[in-house]
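Structure first, commentary second.
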Amino acid sequence: MTAPTGSAVLARSRPLRAPEANRSNALPAGAWWLWALGLATAASRTTNPLLLGLLVGVAGYVVAARRTDAPWARSYGAFIRIGLFVVGVRLVFSVFLGSPIPGTHTVFTLPEVPLPDWAKGVRIGGRVTAEQLVFALYDGAKLATLLICVGAANSLANPARLLKSLPGALYEAGVAVVVAMTFAPNMVADVMRLRTARRLRGRPTGGVKAVLQIGLPVLEGALERSVAVAASMDARGYGRTAQVPPAVRHTTNVLTLGGLLGVCAGTYGLLAAQGAVYGLPLLIAGLVAAAAGLRLGGARSVRTRYRPDRWGARAWLVAGSGVAVAVAMIWAGNVDEAALHPGVVPLIAPVLPLWPAASVLIGLLPAVVAPVPPSAGAPRSKEIQ
């Protein structure tokens, strides 16, 4: 009987510690998207800036702890900037176009543009109150948080693995989406590489002339990648489909279209407080119909999957944490709606509700259970491709 090695003893002493990510234990992209969509759903149910800031902090912490050094993993900062831009645009529109929110605390007054009688209810300029600015800030922060949660999914989920997990009926559309999602990060990486090369050669990296000289190699590289992808897809028989009876095609179209309409209506019902009663049944019925339609539509696909992703306990915990945050926030909105939507008339300071804030912290679970990405200096032989 051989004695256990030091690594085996260490693994037994730390059974709950997340392992290093590799091709065999990496989380499916769908788990990250379910987690992020759960946070986004929670953000859509509240305008409390403290809860929205907590959601952004949870998403940012998980991204910082579990993202890799791949080009598509650097998009989180861009989504944060887009979110700040959205908040700024919402405030500008509120200042110049007015707001239906009444207020008594005047901040400043702009010259008002006279409008004809048929434009009653619309104004440009005029009195700007603190109440309308705070309302616009809350509204813009909610939309910005939604975008940042989606950016977290883009930074954590590998687009190639997401494409591999798609049903056969959506594979062709999924390829177009994945190519569109990965084109911009790769182009940014090419621009940074060319600027670094020019800087090392002592050439200028700014100005119109430098941009024109860098743009041609970037476009040439993008064209070469597109041609290489097209050639590889053609060599692998991409686009070939099997023959199915017309009745099956028609049934597939009806189920898929009806299911997607049900999912949209059910999702709107869950996000809107007025439709919370019929939202869940419509969503479940739509998901069942869409799943049946995609199952039938996948019969036309003749492709196979190499080493398909497996949903283990860690993947279910990550996805379940996002769903738990969404469910807890929806329940909190039905119990105490005033805590999730602080009033602006009269103008009061928002208060952090205890139980909704505690439920948001469940979203930190992926930072503990998800496999740890390899360090930048580690060999990439086992890293997810």
Side-chain angles (χ1 to χ4, degrees), residues 36-60 63 75-113 115 119-155 184 264 267-268 270-275 325-326 329-330 332-333 337-353 356-357 360 363:
L37 291 177
L39 297 185
T41 302
S44 68
R45 303 292 297 187
T46 179
T47 56
N48 191 320
L50 301 179
L51 288 176
L52 294 176
L54 189 60
L55 284 167
V56 172
V58 167
V63 169
S75 61
Y76 186 69
F79 277 89
I80 292 179
R81 289 189 288 270
I82 293 174
L84 295 176
F85 176 75
V86 167
V87 174
V89 170
R90 183 65 179 87
L91 288 173
V92 169
F93 272 84
S94 177
V95 168
F96 288 98
L97 300 182
S99 174
I101 302 299
T104 57
H105 299 80
T106 302
V107 179
F108 54 87
T109 302
L110 295 176
E112 187 170 354
V113 178
L115 297 177
K120 288 183 178 180
V122 180
R123 69 176 179 87
I124 301 178
R127 189 168 64 98
V128 179
T129 63
E131 288 83 356
Q132 78 177 66
L133 290 178
V134 172
F135 177 79
L137 179 63
Y138 289 174
D139 199 33
K142 179 171 71 172
L143 181 56
T145 305
L146 286 170
L147 293 173
I148 291 173
C149 291
V150 173
N154 277 280
S155 299
C264 293
T267 304
Y268 176 79
L270 290 177
L271 297 180
Q274 295 81 0
V325 173
M329 193 66 70
I330 293 173
E337 185 178 359
L340 302 187
H341 299 278
V344 295
V345 181
L347 193 61
I348 57 175
V351 179
L352 181 65
V360 171

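Residues: numbered from 1 along the sequence shown. Here the structure is a predicted model, which means the values were calculated and not measured. We use all heavy atoms of the structure for the numbers below, so side chains are in, but hydrogens, waters and symmetry mates are not.
- Of all non-hydrogen atoms in A136 and S94, the two that sit nearest each other are CB-CB, 3.6 Å.
- A pairwise comparison of heavy atoms in A42 and L55 identifies C-CD1, 4.1 Å as the closest pair.
- For F85, the side-chain contact (heavy atoms from CB on, under 4.5 Å) criterion is met by V89, not counting sequence neighbours.
- Residues S155 and V63 approach most closely at CB-CG1, 4.1 Å, considering heavy atoms.
- Here A130 pairs with H105, V107, L347 under the side-chain contact (heavy atoms from CB on, under 4.5 Å) rule; sequence neighbours left out.
- G363 and L39 make their closest contact through CA-CD2, 4.5 Å (heavy atoms, listed as atom of the first residue, atom of the second, distance).
- Applying the salt bridge (charged side-chain N to carboxylate O under 4.0 Å, His left out) rule to pairs touching residues 100-110 yields nothing, sequence neighbours excluded.
- With rounding to the nearest 0.5 angstrom, the CD1 atom of I148 is 10.0 Å from the CZ atom of F79.
- Not counting sequence neighbours, the partners of L146 by the side-chain contact (heavy atoms from CB on, under 4.5 Å) test are A40, A43, S44, L143.
- Contacts of V95 classified as side-chain contact (heavy atoms from CB on, under 4.5 Å), with partners at least two apart in sequence or in another chain: F108, L110, V128, L133.
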Is there a side-chain contact (heavy atoms from CB on, under 4.5 Å) between Q132 and V344? Walk through the geometry before answering. CA-CA 8 Å; Q132 78 177 66; V344 295; over 6 Å; no

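- The side chain to side chain donor-acceptor pair (under 3.5 Å) analysis of residues 141-151, with sequence neighbours excluded, yields no pairs.
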Side-chain atoms of residues 46-54: list all donor-acceptor pairs with protein atoms under 3.5 Å, sequence neighbours left out, distances to 0.1 Å.
unit_1, atom_1, unit_2, atom_2, d
T46, OG1, N48, N, 3.0
T46, OG1, L340, O, 2.6
T47, OG1, H341, ND1, 3.3
N48, OD1, L50, N, 2.9
N48, ND2, A339, O, 3.1
N48, ND2, V351, O, 2.9

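- Applying the salt bridge (charged side-chain N to carboxylate O under 4.0 Å, His left out) test to residues at least two apart or on different chains, the pairs with a partner in residues 86-108 are R90-D139.
- To the nearest 0.5 Å, atom SG of residue C149 and atom CG of residue L37 are 9.0 Å apart.
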